Structures are given as C-alpha cells and as structure tokens.
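Below, chains carry the letters A, B, ... as their sequence lines are ordered, and counting in each starts from 1. All figures in this text were calculated on a predicted structure; none of them were measured in a lab. Any value given below was found using the heavy atoms of this structure, including those in side chains, with hydrogens, waters and symmetry copies removed.
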2 protein chains.
Amino acid sequence: MAPTIKDVAEKAKVSTATVSLVINDSKRISAETKKKVLKVIKQLNYHPSKSARDLVSQKTGNIGFILTDDHFLRTEPFYTRIFLGTEFEARTGNYYILLATIPSDYGDKNTLPRFILQRSVDGIIIAGKVPNAFITKLQEYDLPLVFVDYKPEMQKSPLVLIDNIQGGLLAATHLINYGHRNIAFIGGDISHPSIRDRLTGYNRALDNSGIKQNKKFVHTSSSYPNRQNGYDAAKILFSKNKNITAVFACNDAMAIGVMHFLRDNGYSIPQDVSIIGFDDVEADLLIDPPLTTIRVPKFDLGAEALRVIKESIKNSNTKNKIILVPVELIVRESTKNIRKK
Amino acid sequence: MAPTIKDVAEKAKVSTATVSLVINDSKRISAETKKKVLKVIKQLNYHPSKSARDLVSQKTGNIGFILTDDHFLRTEPFYTRIFLGTEFEARTGNYYILLATIPSDYGDKNTLPRFILQRSVDGIIIAGKVPNAFITKLQEYDLPLVFVDYKPEMQKSPLVLIDNIQGGLLAATHLINYGHRNIAFIGGDISHPSIRDRLTGYNRALDNSGIKQNKKFVHTSSSYPNRQNGYDAAKILFSKNKNITAVFACNDAMAIGVMHFLRDNGYSIPQDVSIIGFDDVEADLLIDPPLTTIRVPKFDLGAEALRVIKESIKNSNTKNKIILVPVELIVRESTKNIRKK
DNA sequence: TCATTTTAGTTAAACGTTTAACCGAGATAA
DNA sequence: TTATCTCGGTTAAACGTTTAACTAAAATGA
C-alpha cells in the first residue's frame, strides 16, 4: 500500500498535523522540522491521497464539461475541439475535466449528470446550446457555471463567446479592401445569434466604407448551414443577381457549397467570384482553391473557458463577465483583389 | 448544503448503516424499511458523496488516459479520436476519464502524472508509443494498464491494436481483385510495427493470389510517413518502374502525396494508376478523386480500451489479452477495375 | 420447552486528510 | 517579578461514507 500521512509522521517523529502543515506550507512550522519532514516525505515517496483531501476540504479538484450528445457526435469537430482545448489547458493546472453529455431534447424527466448529483465537480463548463429545462434544473445546485459559445436566455453566468461581429467585419472588410462592392452574404438561420452577429459585422463593414446595404444580396433561411444549403442558396442568389463579385458565407461548409455551385455553373474562383467563409475547418486547405476564411480558435475557447471557471470558483463575483475571443482573417486563394493597379 | 446520509437516516428513523445498506441493495434489509428509506431518499433528493465513497472504498471510479504531448497536439487527430472514443464509452458507464500527457522525451527525472501519485485512478489506458522510462517508472504502482495502438517491449498488459495485417491484406486484395498485378507498396519506417504489419498483409495477399513479390515495387524509408515523403517516394518508385498500375500507401497522408506526384507528372487517377491508402482521414473525401482506403476505427479503439481496462480492474487475470480491432475497406474513386469485361 | 439459527437491524471503527482549539516554553513588556 | 504574547508544535474532531462485529427478536428444531 501507498504510504499515508501517518507513516510520514511516525518516521519523522512528529504528529500528522505537523506533516499536513508542512505539505500545505504553513508558517507555523520551523525551518528545521519542515526540512526533516520533507526529507521523510521524499524518502517514502509520499503523496497525499486526493480522495481524503477532497472529502475533508469539500472541494473536488474537478470541473465538469457538458454538451449535448449531438454536439459531441457531430462530424465537424467543433465542440470536441473546444473540449480538447479545455483538456489541454487543464493538463498544467490542478483540475481534472469530467465529461458528460445530455440529450439534446433534455426535459424535466431527465436526470442531471452523475458528477453534479454526487458533488464531484467544483464548477461546470457548458459548451454550445443546451435546453432550457436543463439550465433550470441545474440552478438548484449553485455551482459556478460558464457558458462557451452560447448565451442562455436567463442564467447570469460568465460567457466565453466568439467575437462574431468582429469576424463579420473582418471578412467583409477584406473583400471591400480587395475592391469588391457587390458582396453577398449567405447565412443560415438568422435567429441564431452567431449568424446574426456575423451579418451585423458584414453590414457594419459596408457602412464603414459607405457602401449601400442591398437586401437582395443577403440570403438567409431557417435551414441548417451546411454544404448543400450553401449550394442551394447560391443558386437562388445568382439566378437573381448577375453582378455579385464576392460572397461572404456564414461558415465554411456553406462557402464550400457556394463554391461547388459556382464551379458547376462555369464560374471560376476567384477570377469571377471571390469567396470567404467562417470557421477554418480542415477541409479549407484541401479544396481548390484553398478557402479564405475567418479562423475561430476553438481550442482557445475551451482553454479560456477553463481559466474563467477557475476564476469563478475563486471569486464568486464574476457573474457577468463576458469574454469575446478574437477571430483571425486567414487569407488563402479563394478571394481576389480586383482593384485596378 | 446537500443532504447527507445522516439526514436521510434521521428523517427515516433508522441508522446510517441501514441507509447505506439500502443504497447498496443489501439483502439484510426488509422490504418495508427499504421502501421507507427509499422514499426519504427521493424526498430529500439524496445522492451519496463520491469523495466519501472513494475514500472508504479505496476506489476512485476514475480511469487515467495517458499519451505523449506531441501525440495529443498532432494536427491529424488520430489519438485525440481514440481519446474521444474512450470518453464516449465512459459516458454511459461508471467511470470518469482523467487525461494526462507526458513529454515524448520522458526520462528518469520526469515525474508521473498527478493522478497516479495521488491515487485518483483505478486503472490506466496508454495510447500510442510512450517512452520506456515512463513504463518502467509506472510499474512500481501496480495499477491495471492497457495499451492502445502500441505494443511495449516488456510490459505484460492487455493490448488493443489495429489489425494491420488484415488491413494490408484487404487493401492489396482489393487491388488484385481489380485486376492489378504490378502493385507497389509505399511505406515509412519499416521498423514501426504497424507499417511492418501492413506490408506483411500486402505480401500475404500477393502470395494468396500467386503473384510473385517484387522487391522493386516496395519502397520504405526511415522518414515520417507524411504527404511530402509520399510524394518523394512516388518519384523514386515511378522513375525506376514504368509498369506499376496500382499503389498501396501505408497511410492516407502518403497516399495523397503519391497522388499529387502522379498528377504533377501527367498520370490520371484512377485511369492510369489506382491508389489505396490506410486510415480514413477527413481529407480523403475532399480530394479529387476521393481516396479508397482502409478505415481504422479510432473511436472504437478508444471505446474498446475502456471496456478492457474495466474488465482488467474486475479480474486481474486478463494480463495477456490482445484485442485486434478489425479494419474496413472503403472503396471510393481512386481505384479502378482494369479487368477486361 | 429450551437451545439454536436466522433475520433485520444498530454500533462503532475505519478510510486519510485538514484544521480549530489547545498547550507549554521562551520572549517581551510593565 | 509577573502578566502577556509569540512560537512551534500537538490533540482531537470532522468530512460522509462502508462494513465488520454485535444484538435483540423471531423463527426453527429436537
């Protein structure tokens, strides 16, 4: 069996309290005793048991990470990247991450993740959209919470969000800087906050440059922003408008769909039409031409969330902190400068 | 504060021992008392504290997952997929997964992951190659171990491995079935067991079909099996052999490199040369033509590892279990049937 | 009928820490 | 000189469970 604090105490001829005080670096211990105890600790290769510590300290050293099961299983590894970012950050800290998924149709009859009921986490990171019923039930246990990439309606908790407005601004400004004026926006469900924000950024960029907003250039729909719907959206948009020279798609999947449509219809990219996406997924580099996009640092989102929850655990007065994680313009080959030299 | 077993006991007018026995479904309790206690438990929404349980039971309900930091940070998410597979499987079980990375140059001066020293895991999954120094140090704590995608030299532990021989056989057989006879093998470091096994499978397929093995068709080198080295290998191979009609690359990265070389040199795929890879990475679907390959179920590897370690914890006599996880042939468009109809 | 076994529960120790309360000895202050 | 404070430690309770050992009552057996 592994040595306990008692073994150390006996061998060092002090009380277990003294050993504990040494471990926890109390000033109540003389340099001499401290040295002696430390020596025995090293000799025995003693390490305090986490279970015992957890019990008496009423802390756990664990952080829960919760997302819906379909977010976890999505082929595009958006939320799992966030999770890995949290894990990454946790490696060097003093917390372990416990993962749980909840059904995306979580209702009143559903139970909470085990680690909440059993009190084995000190705080919780919630990634992506989760059902309100879940949040409501969660509130009874007043655990520190932080939401990543989702802004719940009611709950007052720290938020770690992508700076979508800035991203939209960056994307549209890039196109404008390249001399484009007839710039289309292709988005999915406009009621989704991140898509709405990206559109806001787009509009703001046009305003900044004195370009008039043109409703006909903006296509949104309630459908899911995937490749197919990007394709379809482009079909509609280009059948009605012949003068579009650039497209800002609300994510890379749609951008790739747009690209396919244009390719299928004899446009060449970026010669005839420039395209910029949003996300920075692996596929961007593998298509031809590689897609210019706005990089969303998923890994960083997860890492940042951990930092925030750790702070929340320390000082509980960080309730309404909002962290906007900056995005980055990645210029590749799907956008072309059409200014005359 | 959350209710404790004491609260339940008082309210139900029994001892805490009785409550505990009820929770743990002992037969020593009458149906009547059991019902009464259960009712109070529900009323108070009582759930036993994991910390307390862990301490007294000398179990932790946690499994450690260890890999080297560079495996964790690799762009190609091979090992992180395995990790996510383990997490996936763990969601429905009674274990939590604690992640730790070790330096890939782990030496004697390095320390072991915190969860080992603090005894907060009941068993450990080790993914990918890890330094021997690490394994040696690990052995002092006799924790149940299982290795995934790596066969350590000494350590006797259960293994969860990819069935590489079967995969090589599958790949080469597919090409043979498509009428190819001059089939090249492009691999990286042949001393790496998985690459060696894939080559073995390839050879076995040739033997099975009575095709003579041709050394000139096999190219291996000690370099890392990435895209660039695939490109270079193809250059060498095709400059010396004009009659190759199909290539089996030891992984998809190399296969894509091969494809690029052939493209750059006027070959068209699969008309002139068929190509098959190994892994099934996301990129396969995005290149043109989509790559035929052998799918390695990374997720399943991780899930299987968890099952094995759980069993190892129960019965410690599973030391030399070896699980070969089957792979799957995924036919896409980079291979062509050249048999005459 | 009385000894024995079974049943259904209780008591109390144990798991390995932390920490409030205590204590004796030496230093300081009045 | 004596009261008070500081220093460096110890004692013992507490955290919330599980479980071995115990017990009283009921059932069984001869």
With respect to the side chain of [X], which nucleotide from [options] is positioned closest?
{"X": "B:Ser30", "options": "C:dG9, D:dT11, D:dT18", "value": "C:dG9"}
{"X": "B:Leu55", "options": "C:dT11, C:dC15, C:dT18", "value": "C:dC15"}
{"X": "B:Leu21", "options": "C:dT11, D:dT19, D:dT17", "value": "D:dT19"}
{"X": "B:Ala52", "options": "D:dT17, C:dG9, D:dG9", "value": "D:dT17"}
{"X": "B:Arg53", "options": "C:dT18, D:dG9, D:dT17", "value": "D:dT17"}
{"X": "A:Val14", "options": "D:dT10, C:dG9, D:dT18", "value": "D:dT10"}
{"X": "B:Tyr46", "options": "D:dT17, D:dT18, C:dT18", "value": "D:dT17"}
{"X": "A:Ala17", "options": "D:dT19, C:dT19, C:dT17", "value": "C:dT19"}

### Message
With side-chain hydrogen bond (donor to acceptor under 3.5 Å, both in side chains) as the rule and sequence neighbours excluded, what pairs involving residues 112-135 of chain A come up?
### Response
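Qualifying pairs: A:Thr60-A:Asp122.
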
### Query
Could you state the interatomic distance from CD (A:Gln43) to CG (A:Asp7), rounded to the nearest 0.5 Å?
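Taking CD in A:Gln43 and CG in A:Asp7, the distance rounds to 12.5 Å.
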
Scan [X] against the nucleic acid and name what it touches under 4.0 Å (heavy atoms): base, sugar-phosphate only, or nothing.
{"X": "B:Ser57", "value": "nothing"}
{"X": "B:Ser15", "value": "base"}
{"X": "A:Asn24", "value": "sugar-phosphate"}
{"X": "B:Ser20", "value": "base"}
{"X": "B:Thr33", "value": "sugar-phosphate"}

### Message
Taking only side-chain N and O atoms of B:Gln58, does any of them lie within less than 4.0 angstrom of OP1 or OP2 on C:dA14?
### Response
no

### Task
Would you tell me if any nitrogen or oxygen in the side chain of B:Arg28 comes within less than 4.0 Å of OP1 or OP2 on D:dT23?
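No, B:Arg28 has no side-chain N/O under 4.0 Å of OP1/OP2 on D:dT23.
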
### Divergence of helical axes at both termini of the helix from C:dT1-D:dA30 to C:dA30-D:dT1 - five pairs an end, 10° steps
50°

In whole angstrom, give the distance that lies between atom [atom1] of [X] and atom [atom2] of [N].
{"X": "A:Asp25", "N": "C:dT19", "atom1": "CG", "atom2": "P", "value": "13 Å"}
{"X": "B:Ile23", "N": "D:dG16", "atom1": "CD1", "atom2": "P", "value": "14 Å"}
{"X": "A:Lys35", "N": "D:dG8", "atom1": "NZ", "atom2": "P", "value": "16 Å"}
{"X": "A:Arg119", "N": "D:dC15", "atom1": "CZ", "atom2": "P", "value": "13 Å"}
{"X": "A:Ile29", "N": "C:dT18", "atom1": "CD1", "atom2": "P", "value": "12 Å"}
{"X": "B:Ile5", "N": "D:dA14", "atom1": "CD1", "atom2": "P", "value": "18 Å"}
{"X": "B:Lys27", "N": "C:dT6", "atom1": "NZ", "atom2": "P", "value": "15 Å"}
{"X": "A:Lys6", "N": "C:dT18", "atom1": "NZ", "atom2": "C1'", "value": "16 Å"}

Could you tell me whether [X] and [Y] have a side-chain N and a carboxylate O separated by less than 4.0 Å?
{"X": "A:Lys137", "Y": "A:Asp108", "result": "no"}
{"X": "A:Arg91", "Y": "B:Asp69", "result": "no"}
{"X": "B:Arg307", "Y": "B:Glu304", "result": "yes"}

#### Entry: Where B:Lys109 and B:Asp105 come nearest, the two heavy atoms and their spacing
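Looks like NZ-O, 4.2 Å.
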
Per-pair distances, 0.1 Å, donor-acceptor, side chain in residues 75-86 of chain B, under 3.5 Å, sequence neighbours excluded:
unit_1  : atom_1 : unit_2   : atom_2 : d
B:Tyr79 : OH     : B:Asp149 : OD2    : 2.8
B:Thr86 : OG1    : B:Ile82  : O      : 3.3
B:Thr86 : OG1    : B:Gly302 : O      : 2.9

### Task
Indicate whether any N or O donor in one side chain lies under 3.5 Å from an N or O acceptor in the other, for B:Asp70 and B:Thr68.
yes

